[in-house]
Amino acid sequence: QVQLVESGGGLVQAGGSLRLSCAASGRYDMGWFRQAPGKGREFVAAINWRAGTTYSADSVKGRFTISRDNAKNTVYLQMNSLKPEDTAVYYCAATTRRTVVLGTRVGEYDAWGQGTQVTVSS
């Protein structure tokens, strides 16, 4: 029922910035996850759609910002001060259920975007 289309990935030098976009078919609480080759999918940030409250992983706090555009049903991940360790495929995710606490685990989301590659060079 939920459709998510991601864009905005690319190659950037360390210290640079990228903004990822995730266009959704509706308004949902959403999160961003990332997965490096051979690694598990890890939480990056989440946002409550209606209130706009956010939560970010410690590894990206102060560098990444999650936000949404209500008119476009789109969530963004602004990534600044990128590091090589940020290299991964980034996935947006949505949950169709209302949540009190924003989810930080893969199992708490029931819809996923196709993924977009982010590569940060040294």
Side-chain angles (χ1 to χ4, degrees):
Q1 294 181 353
V2 181
Q3 296 179 337
L4 305 173
V5 180
E6 302 179 43
S7 62
L11 174 65
V12 65
Q13 295 186 64
S17 299
L18 284 173
R19 188 175 77 160
L20 306 183
S21 299
C22 180
S25 57
R27 298 179 178 181
Y28 311 94
D29 290 350
M30 299 181 65
W32 285 96
F33 290 76
R34 64 187 183 186
Q35 186 169 16
K39 304 294 184 179
R41 195 166 296 185
E42 65 176 359
F43 172 77
V44 176
I47 186 168
N48 171 273
W49 189 264
R50 287 168 291 279
T53 55
T54 63
Y55 179 77
S56 300
D58 289 343
S59 60
V60 304
K61 285 182 178 177
R63 300 189 299 121
F64 292 10
T65 302
I66 187 170
S67 62
R68 84 268 195 257
D69 185 328
N70 291 349
K72 298 180 179 180
N73 286 350
T74 299
V75 65
Y76 304 96
L77 184 68
Q78 178 66 47
M79 304 184 293
N80 299 324
S81 301
L82 283 162
K83 305 174 181 179
E85 64 194 70
D86 296 318
T87 295
V89 176
Y90 283 70
Y91 298 89
C92 64
T95 176
T96 58
R97 298 182 179 181
R98 293 181 179 180
T99 59
V100 176
V101 178
L102 294 172
T104 61
R105 292 177 289 189
V106 170
E108 296 177 274
Y109 295 83
D110 50 24
W112 295 86
Q114 82 279 11
T116 185
Q117 177 70 47
V118 172
T119 302
V120 184
S121 62
S122 300

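Computed from a predicted model, the values in this text were never measured in an experiment.
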Pair Arg97 + Asp110: basic N to acidic O under 4.0 Å: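 Looking at Asp110 together with Arg97, the answer is no, because their closest N to O distance does not fall below 4.0 Å.
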Within one Ile-Leu-Val-Met-Phe-Trp-Tyr cluster: Val44 and Tyr91, side-chain cutoff 4.5 Å: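 They do not share one cluster, since no chain of ILVMFWY contacts under 4.5 Å joins Val44 to Tyr91.
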Taking everything shown except [X] itself, do over 12 heavy atoms lie less than 6.0 Å from its [atom1]?
{"X": "Arg105", "atom1": "CZ", "answer": "no"}
{"X": "Gln114", "atom1": "CD", "answer": "yes"}
{"X": "Lys61", "atom1": "NZ", "answer": "yes"}

Can you tell me how far the [atom1] atom of [X] sits from the [atom2] atom of [Y], to the nearest 0.5 Å?
{"X": "Arg27", "Y": "Thr74", "atom1": "CZ", "atom2": "OG1", "answer": "10.5 Å"}
{"X": "Arg68", "Y": "Asn73", "atom1": "CZ", "atom2": "CG", "answer": "11.0 Å"}
{"X": "Phe43", "Y": "Tyr109", "atom1": "CZ", "atom2": "OH", "answer": "5.5 Å"}
{"X": "Gln1", "Y": "Tyr28", "atom1": "CD", "atom2": "OH", "answer": "7.0 Å"}
{"X": "Cys22", "Y": "Ile66", "atom1": "SG", "atom2": "CD1", "answer": "9.0 Å"}
{"X": "Arg63", "Y": "Leu82", "atom1": "CZ", "atom2": "CG", "answer": "6.5 Å"}

Smallest separation among heavy atoms of [X] and [Y], with atom names:
{"X": "Thr104", "Y": "Phe33", "result": "O-CE2, 3.7 Å"}
{"X": "Ala111", "Y": "Leu4", "result": "O-CD1, 3.7 Å"}
{"X": "Asp29", "Y": "Trp49", "result": "OD1-N, 3.0 Å"}

All salt bridge (Lys or Arg N to Asp or Glu O under 4.0 Å) counterparts of Arg19, not counting sequence neighbours: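 Here no residue qualifies.
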Side-chain donor/acceptor of Glu6 to backbone N/O of Leu20, under 3.5 Å: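 No.
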Residue list, side chain to side chain donor-acceptor pair (under 3.5 Å) with Asn80, at least two apart or on another chain: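 For Asn80 the side chain to side chain donor-acceptor pair (under 3.5 Å) partners, ignoring immediate neighbours, are Ser17, Gln78.
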